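Here's the structure we're looking at; comments come further down.
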Amino acid sequence: QGHQGGAGSGRHAASATDGAAAPTTHARLLAWVAETAELTQPDSVYWVDGSEAEYTRLTDELVEAGTLVRLNPDTFPNSFAAFSDPKDVARVEEQTFICSEDEREAGFTNNWMDPAEMKGKLRTLFNGSMRGRTMYVIPFVMGHLDAEDPKFGVEITDSAYVVASMRIMARIGTDVLNRMTELDADFVPALHSLGAPLAEGEADVPWPCNDNKWIVHFPEERSIWSFGSGYGGNALLGKKCYSLRIASVMARDEGWLAEHMLILKLTSPQDKSYYLSAAFPSACGKTNLALLDPTIEGWKVETLGDDITWMRFGKEGELRAVNPEAGLFGVAPGTGWGTNPNAMRAIAKGNSIFTNVALTDDGGVWWEGMTEETPTHLTDWQGNEWTPESGQPAAHPNSRFCTPIDQIDMLAEEYYRPDGVELSAILFGGRRKTTVPLVTQSRDWANGIFMGSTLSSETTAAAAGEVGLVRRDPMAMLPFIGYDAGDYLRHWITLSSKGDQARLPKIFLVNWFRRTADGGFAWPGFGDNARVLKWVIERIEGTADAIETPIGFVPTPDALDLTGLDMTPAEVEAAVHVDSAEWAAELKGIEEWYDRFGESLPEELRGQLTELKERFQFS
Ligand code: GTP
Ligand code: MN
Ligand code: MN
């Protein structure tokens, strides 16, 4: 029996549909909330208003429950640390599904199951899954509330940690709900449960979750069901699930692009500004590049976003980019005063939630790479005593900081523009020890899409599974493309044919992670990446030198500004070198990768591969 009215519809559903309790008249939303309460049977239903007072109340409760540890207010004001179950520390790609009506639509890069069958499975799992808990209803918008076509969502969750984190990561609460109601707007229903119901009188654990995890997307219905995990990428459903997987499907249908990219603003000593976006796989340097502190005189970097970019063509055929998020959910290890002072300054302002970092003895947090000196004593992320002799990292390699984006001093004012900024360049990059030069300019746009489509990286701790294997990761979107990967590449090609060709951004491939024979990094990276950005801009302006190689244009050793950098020309040459033998092996890898697409690989890209082989004279 369906639930539409309040009276007689059972204790839990009643509170959700009771006109006095529900702060909206949005009929489809009320119906979904009632239906979900009936299915999951929470103790109570709570509509999140997004206020400061609410945040304080929720975090107080989480401290009381032991989920959050309040940090020292002198050093980390209004900030908390959470420690997850050791089995719930990353995105679970094996358990992530795209349940399109037709299996072909999900493509070979996604797990698929028949949607009706999956719904049945999920209904069983969610049946009573919120017993003993509060069901929170979080209205949110990805992108700007006053965007031309605001993208609404509502997350239902039984985790207060998710509510607190969503408040940092997205625009949530009363204003959003009111606007949604006023427009009677469609929204993405995003249902999340920890899958840890509490029996009458049962004590809770600090990090409830379930060993059985399911992260499921229904692209036609534009809905999300996430079960069993409390970890950010699996549970903060506005982020990867909505803004990449579901949004990529919306983008295909509506003629735009949802991408795993940062956005930054670069201003030259001549005071000319450029906007760049960059797609790197998880834990490969987006947040670091977005918050770059340039080591070269006169160049200024400001940030607009560090993880997700929505792009569409403007009225003049220019490609415009916006960041749909409101916070940073950054990899903590390696983020330090030396490598990323802008992130550190934002974090130091407080209002942050840290997950799986280590605790210092004075109530602060620490992770590998945060400070030059390692503390002599810590409590590690699993609650154990830790000393430098412990032989294990104190913070989990995928530990994260979650911080409001407006705490970044170098946030560009254009971040607040609903229509975004025009891009001059797109960078694709991955983590490769060999083969891929520090920077390569594509021959043209189509060749740039080829670079993106064959992007590869060694696996990291950001997803569960073995670390260090080379995997192809098209546009750094492998875990996030919500439909067939070949169709996704075709969408890039056909969509861009509609823009002003002369104004298309220039595409570059970068690799900060190449190694030398002795195992060290071939390039210092971090702030010195500004030198590469400078070359990129000078290429756009036609003022920098390059050598044409079969894969594209790489800098001549003296084209990179190396002022103040202790690198010999031979070392620079090693960083940008294109090695035929390495590329012979690489092309085999690309060929195998392309074969996996079968029929769905766009002809243009097959053609690019053939031409590349010809340029190497391998064929
Ligand atoms: P997600 O947020 O998971 O999508 O990852 P991300 O792309 O934002 O990665 P992030 O910037 O957090 O970088 C992760 C790791 O890369 C950290 O361990 C950094 O120390 C390392 N890293 C980032 N930039 C550089 C660089 O220029 N050189 C080197 N050697 N390491 C870098
Ligand atoms: Mn990411
Ligand atoms: Mn990041």
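Small disclaimer: the values here were computed from a predicted structure and weren't measured. For ligands, and for the atoms within them, numbers begin at 1 and follow the listed sequence. Excluded from the calculations below are hydrogen atoms, water molecules and symmetry mates; all remaining heavy atoms, backbone and side chain alike, are included.
Those atoms of ligand 1 with a heavy atom of Phe521 less than 4.0 angstrom away are 30 (N). Ligand-side atoms of ligand 1 in range of Arg400: 1 (P), 2 (O), 3 (O), range being under 4.0 angstrom from any heavy atom. Interface atoms of ligand 1 facing Arg431, defined by a heavy-atom separation under 4.0 Å, are 15 (C), 16 (O). Each of the following atoms of ligand 1 lies closer than 4.0 Å to a heavy atom of Asn288: 10 (P), 11 (O), 12 (O), 13 (O), 19 (C), 23 (C), 24 (N). Shown in contact with Gly334 at under 4.0 Å from a heavy atom are these atoms of ligand 1, numbered in order with element: 20 (O). The distance from ligand 1 to the heavy atoms of Gly525 drops below 4.0 Å at these ligand atoms: 26 (C), 27 (O), 28 (N). In summary, the atoms of ligand 1 found under 4.0 Å from a heavy atom of Pro281, numbered by their order in the structure, are 7 (O).
For ligand 1, the polar-atom distance check finds an N/O of Phe526 within less than 3.5 Å of one of the ligand's N/O atoms. At under 3.5 Å, a nitrogen or oxygen of His260, whether backbone or side chain, sits near a nitrogen or oxygen of ligand 1.
Within the cation-pi definition used here (under 6.0 Å to the ring centroid, within 45° of the axis), Arg539 does not qualify as a partner of Phe508. Geometrically, Lys240 engages Phe480 in a cation-pi contact, judged by NZ or CZ lying under 6.0 Å from the ring centre and within 45° of the ring axis. A cation-pi arrangement is present between Arg515 and Phe521, with the terminal nitrogen or guanidinium carbon under 6.0 Å from the aromatic centre and inside a 45° cone about the axis.
Residue Asp307 touches ligand 1 through its side chain alone, judged by heavy-atom distances below 4.0 Å. With a 4.0 Å heavy-atom cut-off, ligand 1 is reached by no atom of Trp523. For Cys284, every heavy-atom contact with ligand 1 shorter than 4.0 Å involves the backbone, none the side chain.
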Full working for side-chain hydrogen bond (donor to acceptor under 3.5 Å, both in side chains) between Trp367 and Asn356: CA-CA 9 Å; Trp367 48 76; Asn356 292 340; over 6 Å; no
Stepwise side-chain hydrogen bond (donor to acceptor under 3.5 Å, both in side chains) check, Asp528 with Thr295: CA-CA 6 Å; Asp528 287 315; Thr295 52; 2.6 Å; yes
Lys349/Asp409 under salt bridge (charged side-chain N to carboxylate O under 4.0 Å, His left out): CA gap, chis, key distance, verdict: CA-CA 10 Å; Lys349 289 184 188 170; Asp409 293 329; 2.5 Å; yes
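If you take CG on Leu237 and NE2 on His192, they are separated by 6.5 Å, rounding to the nearest 0.5 Å. One finds the CD1 atom of Ile138 at 9.0 Å from the OG atom of Ser165 (value rounded to the nearest 0.5 Å).
Using a 4.0 Å cut-off between charged side-chain N and carboxylate O, Glu254 and Lys151 make a salt bridge. Salt bridge status for Glu93 with Lys213: absent, with no side-chain N to carboxylate O gap under 4.0 Å.
Partners of Glu94 according to the side chain to side chain donor-acceptor pair (under 3.5 Å) rule, which considers only residues two or more places apart in sequence or in another chain, do not exist here.
Side-chain atoms of Arg531 come within 3.5 Å of backbone N or O of Asp561 as a donor-acceptor pair. With Thr339 contributing its side chain and Gly334 its backbone, the two residues share a donor-acceptor pair below 3.5 Å.
The closest approach between Thr339 and ligand 1 stays at or above 4.0 Å for every heavy atom of the residue. Heavy atoms of Ala476 come nearer than 4.0 angstrom to ligand 1 in no pair at all.
Of all protein N/O/S atoms, those under 2.8 Å from the Mn ion (ligand 3) are Thr287 OG1, and waters are not counted.
Between Ile308 and Trp310, some side-chain heavy-atom pair lies under the 4.5 Å cut-off.
The nearest non-hydrogen atom to atom 17 (C) of ligand 1, considering only Pro333, Gly429, Gly285, Ala283, comes from Pro333.
Counting just the N/O/S atoms of His260, the one with the shortest distance to the Mn ion (ligand 2) is named NE2.
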